[in-house]
**Q** 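Before I ask anything, let me first share the structure, which is written out below as structure tokens.
Both backbone and side-chain heavy atoms feed into the values below; hydrogens, waters and symmetry mates do not. Residue numbering restarts at 1 for every chain, and letters A, B, ... go by the order of the sequence lines.
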Amino acid sequence: MADSVRVRFAPSPTGYMHVGGARTALFNFLFARRHGGRFLLRIEDTDRTRFQKEAMDEIFSSLEWLGLEWDEGPGREGDVGPYVQSERAELYQRHARKLLESGHAYPCFCTPERLAAMRQEQERARLPGAGGYDRHCRNIDPEVAARRMAAGEPFVTRLKVPDDRLVTFHDEIRGDIATRSELLDDLVLLKSDGLPTYHLANVVDDHFMDITHVLRGDEWISSTPRHILIYEAFGWSLPVFAHLPVILAPGGGKLSKRHGAASVTDYRNAGFLPEALVNFLALLGWAPGEDREIMNREEMIAAFELARVSAKASVFDEQKLEWMNGQYLARRDPQTLLEPVTMIWREKGWLESEAAADPDYRLAVIQLLQPRSRKITELAEQAAYFFNDPQEYEAKPARKHLRAEAAPRLRRLVEELESLTAFSATGLENLYRRLAEEMALSAGKLIHPTRLALSGVGHGPGLFELMETLGRAATLRRMRAALEWIVTGEEESPPESPDSAQKGDGQ
RNA sequence: GGCGCUAUCGUCUAGGGGUUAGGACGGGUGAUUCUCAGUCAUCAAACCGGGGUUCGAAUCCCCGUAGCGCUGCCA
């Protein structure tokens, strides 16, 4: 199985785990599974100044939450580890030395100051086609260079980029891409701190980790010719390349925290389900070709093809994500929602009552709200009246349904409800229908005032299910309170906005 | 500035020389119903511009324009 597929996701632990990164990881994962290959995780932490421990933890927890299990990587050692680049420094140094010895690279003693001045000068002169390192150290006499190195003078190792070469490679998504080598400058392979740059580490690792397909963000397209030159310098064979399109924010531009949510953690906290986020991300830049949208993991794996990945950047449409999340939320086993939703309720301090302590009660509430919520947070927030009697009534429906004429009807309902034997959804519905007929009213004239009395808002689950869940005691208590409110004529008081109960995004 | 990548409804996309240019989200309308959500039905909504190739171009080629990326001892 020497030539079976091996792909990797190689994030750098320098910040939060962006959904774009998650999508790259997902495509790698799907591709590996599709071909019965291996999905590796490699941590690219060669920039010590930008390294963040929390970022590393976030990479792990985000991938785990999304269910993107890596076959090899930190915590799951394979034959080609370690999988953290800072632990492989010696390997890169050895290979940089090889290139120095073979004449493919040379030491560069230029100071950061000189390089900055050089760049400034280039900028000023606006040299067409130039730019990049000016090869100042490329032709230092080898003897001199060796002496300076031995003397401990700091240096970096640079690749000796050949002149006048056409560097070509095939991208599985975009086709053939060609670049003239003289447009590439002599890039740094090994930094003066002894750690490799991304370019060197990436090539060396992909080679020794037997990576067969490099699927990465398209910001790497212009680096790929450099990487190819490095492969050639070592005499190594090339992996297959495929550059994935980027994910943009709605206005265009990078999706960042400024747009609200950008990281996997943000979406998790906002109440999204991992399977919904995965499904949504999969469809950003890829389409199975049939008009399918909702797909589980196995279906996505079975259908995934690189040839069907788009080359075009796509905009992250949160509304569609919400719709998709709602689809998954409605179909979720309510039992699996109990824990996350309870957590939110507990934070809100809604679980004080005896009824709320009962998991069966909470489960019933979840089932009632499930089909009318798009996010876990939204579901949780909608449940306020299941735990506390309404303190006020939504103004608009209250004006309509809690008028003076509703009072006698509510009074009658209270009487009947006190003695109703079957306090169940069907029993309640029968009662309401019967009374409506008896009183020569439409059922709505009874239903709406009751809903207001019980929930304080004009929308929500079916009234009879609501009553059954709330139970007789709470139902009667709330109806009497509403009656009191009507009688004491408080109707002018609540100047609250008609839809103040909306607006549901978790904080 | 240089180099590169990209370009179908507002958004995600299907299609790839001859199609009523299809689906989904969002929006409109209607049905169901006690409200909301859901569901179902239905409507509006697109081939960036200009040249070329061709009997015929959204599709192939070129140019332009726009967006994005790279141009670091960052990844």
**Q** Measure CG/L244(A) against P/A75(B) and give the value in whole Å, please.
**A** 21 Å
**Q** Taking atom C1' in both G26(B) and C43(B), what distance in whole Å separates the two?
**A** 14 Å
**Q** Identify which nucleotide among C70(B), C73(B), U11(B) has an atom closest to any side-chain atom of E219(A), counting heavy atoms from C-beta outward.
**A** C70(B)
**Q** Once hydrogens and angles are ignored, does a donor-acceptor distance under 3.5 Å link the base of A24(B) to the side chain of K320(A)?
**A**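 Side chain to base: pair found, below 3.5 Å.
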**Q** Are any of R119(A)'s side-chain N or O atoms less than 4.0 Å away from OP1 or OP2 of C73(B)?
**A**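 R119(A) to C73(B) OP1/OP2: side-chain N or O found under 4.0 Å.
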**Q** Return the nearest nucleotide to the side chain of R174(A); candidates are U6(B), G72(B), A75(B).
**A** U6(B)
**Q** So P461(A), base contact, sugar-phosphate only, or nothing? Heavy-atom distance under 4.0 Å.
**A**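 If one applies the 4.0 Å heavy-atom cut-off, P461(A) turns out to touch a base.
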**Q** Would you indicate, yes or no, if U39(B) has its OP1 or OP2 atom less than 4.0 angstrom from a side-chain nitrogen or oxygen of Q327(A)?
**A**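 Q327(A) to U39(B) OP1/OP2: side-chain N or O found under 4.0 Å.
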**Q** For F464(A), which contact category applies under a 4.0 Å heavy-atom criterion: base, sugar-phosphate, or nothing?
**A**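 Base contact - F464(A) has a heavy atom under 4.0 Å of at least one base atom.
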**Q** Would you please confirm or rule out a distance under 4.0 Å between OP1 or OP2 of G26(B) and any side-chain N or O of R374(A)?
**A**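 True: R374(A) side-chain N/O within range (under 4.0 Å) of G26(B) OP1/OP2.
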**Q** Among the candidates C73(B), A24(B), C36(B), find the nucleotide nearest to the side-chain atoms of R372(A).
**A** C36(B)
**Q** Looking at F9(A), does the NZ or CZ of R42(A) lie under 6.0 angstrom from its six-membered ring centre and within 45 degrees of the ring axis?
**A** no
**Q** Does C34(B) have OP1 or OP2 under 4.0 Å away from a side-chain N or O of R433(A)?
**A**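 The answer is yes; a side-chain N or O of R433(A) sits under 4.0 Å from OP1 or OP2.
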**Q** Taking the C1' atom in each of A46(B) and C25(B), what is the distance between them to the nearest angstrom?
**A**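 Nearest-Å result for A46(B) against C25(B) at atom C1': 15 Å.
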**Q** Considering only side-chain heavy atoms of P112(A), which listed nucleotide, C73(B), A7(B), G4(B), is closest?
**A**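 Closest nucleotide among those given: C73(B).
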**Q** Give a yes/no on whether any side-chain N or O of K312(A) is located under 4.0 angstrom from OP1 or OP2 of C68(B).
**A** no
**Q** Give the ring-plane orientation class for F208(A) versus H95(A), where under 30° counts as parallel, over 60° as perpendicular and anything between as tilted.
**A** perpendicular
**Q** Pick the C1' atom in G27(B) and in A58(B), then give their distance to the nearest Å.
**A**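 Rounded to whole Å, the distance is 26 Å.
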**Q** Would you call the rings of Y267(A) and F316(A) parallel, tilted or perpendicular, taking 30° and 60° as the class edges?
**A** tilted
**Q** Can you tell me if the side-chain N/O atoms of S314(A) get under 4.0 Å from OP1 or OP2 in U11(B)?
**A**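 So the side chain of S314(A) is outside the cut-off, no N or O lying under 4.0 Å from OP1 or OP2 of U11(B).
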**Q** Aromatic rings W485(A) and Y393(A): how do their planes relate, parallel, tilted or perpendicular, breaks at 30° and 60°?
**A** perpendicular
**Q** Rounded to the Å, how far apart are R180(A) CZ and G4(B) P?
**A** 11 Å
**Q** What distance, rounded to whole Å, do you find between the two C1' atoms, one in A21(B) and one in A14(B)?
**A** 10 Å
**Q** Which part of the nucleic acid, if any, lies within reach of T450(A) when heavy atoms closer than 4.0 Å are counted: base, sugar-phosphate only, or nothing?
**A** nothing
**Q** Rounding to an integer number of angstrom, what distance separates G10(B) and C48(B) when you compare their P atoms?
**A** 11 Å
**Q** Could you please name the partner base of G26(B), counting Watson-Crick and G-U wobble pairs only when both distances are under 3.5 Å?
**A**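 G26(B) is paired with nothing.
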**Q** Rounded to the nearest Å, what distance is computed from the CG atom of residue D134(A) to the C1' atom of nucleotide G72(B)?
**A** 14 Å
**Q** What does A14(B) pair with, Watson-Crick or G-U, if both distances are under 3.5 Å?
**A** none
**Q** Measure from NZ or CZ of R158(A) to the centre of the six-membered ring of Y133(A) and say whether it is under 6.0 Å with the direction within 45° of the ring axis.
**A**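 R158(A) over Y133(A) ring: yes.
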**Q** Would you call the rings of F304(A) and W286(A) parallel, tilted or perpendicular if under 30° counts as parallel and over 60° as perpendicular?
**A**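 Correct class here is tilted.
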**Q** Near RNA chain B, under 4.0 Å by heavy atom, which residues of residues 282-294 of chain A?
**A** L283(A), L284(A), G285(A), A287(A), G289(A), D291(A), E293(A)
**Q** Quick check for you: among C70(B), C12(B), C73(B), whose closest atom lies nearest to any side-chain atom of S222(A)?
**A** C70(B)
**Q** Using heavy atoms to find the nearest nucleotide of RNA chain B for F280(A) and G462(A) separately, return the residue whose nucleotide is more 5′.
**A** F280(A)
**Q** Any strand counts, and the cut-off is 3.5 Å on both contacts for Watson-Crick or G-U wobble. Which nucleotide pairs with U53(B)?
**A**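 No nucleotide pairs with U53(B).
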**Q** From the options C36(B), C5(B), A75(B), select the nucleotide whose nearest atom is closest to the side chain of I177(A).
**A**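 Within the option list, the nearest is C5(B).
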**Q** Which of these nucleotides, C73(B), A37(B), U71(B), is closest to any side-chain atom of S192(A)?
**A** C73(B)
**Q** Pick the C1' atom in C9(B) and in G22(B), then give their distance to the nearest Å.
**A** 12 Å
**Q** When you measure from the centre of the six-membered ring of Y16(A), is the NZ or CZ of K257(A) closer than 6.0 Å and no more than 45° off the axis?
**A** yes
**Q** Name the pairing partner of C47(B), where a pair is Watson-Crick or G-U wobble with both distances under 3.5 Å, or state none.
**A** none
**Q** Does R94(A) count as lying over the ring of Y92(A), i.e. NZ or CZ under 6.0 Å from the six-ring centre, within 45 degrees of the axis?
**A** no
**Q** What contact category does K254(A) fall into here, base, sugar-phosphate, or nothing, at under 4.0 angstrom with non-hydrogen atoms?
**A**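 Sugar-phosphate, no base atom in range.
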**Q** Where the side chain of V156(A) is defined as all heavy atoms beyond and including C-beta, which of C70(B), C73(B), U11(B) is the nearest nucleotide?
**A** C73(B)
**Q** Calculate, to the nearest 0.5 Å, the distance between atoms CG and CG belonging to L159(A) and L200(A) respectively.
**A**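 Here the rounded value is 9.0 Å.
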**Q** Would one find a side-chain N or O of R158(A) under 4.0 angstrom from OP1 or OP2 of C73(B)?
**A** yes
**Q** Can you check the distance between G15(B) and U71(B), where both ends of the measurement are the P atom (answer in whole Å)?
**A** 34 Å
**Q** Using a 4.0 Å heavy-atom cut-off across all strands, classify C110(A) as base, sugar-phosphate, or nothing.
**A** base
**Q** Name the one of R135(A), K160(A), R226(A) that satisfies salt bridge (charged side-chain N to carboxylate O under 4.0 Å, His left out) with D185(A)?
**A**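 In the set R135(A), K160(A), R226(A), the residue that makes a salt bridge (charged side-chain N to carboxylate O under 4.0 Å, His left out) with D185(A) is R226(A).
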**Q** Could you check which nucleotide pairs with A37(B) in any of the strands shown, counting Watson-Crick or G-U wobble with both distances under 3.5 Å?
**A** none
**Q** Could you state the CG-C1' distance from N279(A) to C25(B), rounded to the nearest angstrom?
**A**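 After rounding, the gap between these two atoms is 13 Å.
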**Q** Could you please name the partner base of A66(B), counting Watson-Crick and G-U wobble pairs only when both distances are under 3.5 Å?
**A**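 Pairing partner: U6(B).
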**Q** I'd like to check L248(A) versus K254(A) (side-chain heavy atoms, cut-off strictly below 4.5 Å). Are they in contact?
**A** no
**Q** Among the candidates C3(B), G38(B), U6(B), find the nucleotide nearest to the side-chain atoms of L183(A).
**A** C3(B)
**Q** Measure the distance from CZ on R48(A) to C1' on A75(B) and round it to the nearest whole Å.
**A**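 In whole Å, A75(B) C1' lies 16 Å from R48(A) CZ.
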**Q** Go ahead and name the base partner of G72(B); Watson-Crick or wobble counts if both distances stay under 3.5 Å, otherwise write none.
**A**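 Pairing partner: none.
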**Q** Between D47(A) and P245(A), who's closer to the 5' end of RNA chain B by nearest nucleotide?
**A**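 Its nearest nucleotide being more 5', the pick is P245(A).
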**Q** With rounding to the closest Å, how many angstrom separate the C1' atoms on G38(B) and C34(B)?
**A** 15 Å
**Q** When you get a sec, tell me which of G26(B), U6(B), U11(B) is the closest nucleotide to the side chain of A311(A)?
**A**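 The closest nucleotide is U6(B).
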**Q** Let me confirm one number: the CG-CD1 distance from L244(A) to I173(A), rounded to the nearest 0.5 Å.
**A** 5.0 Å
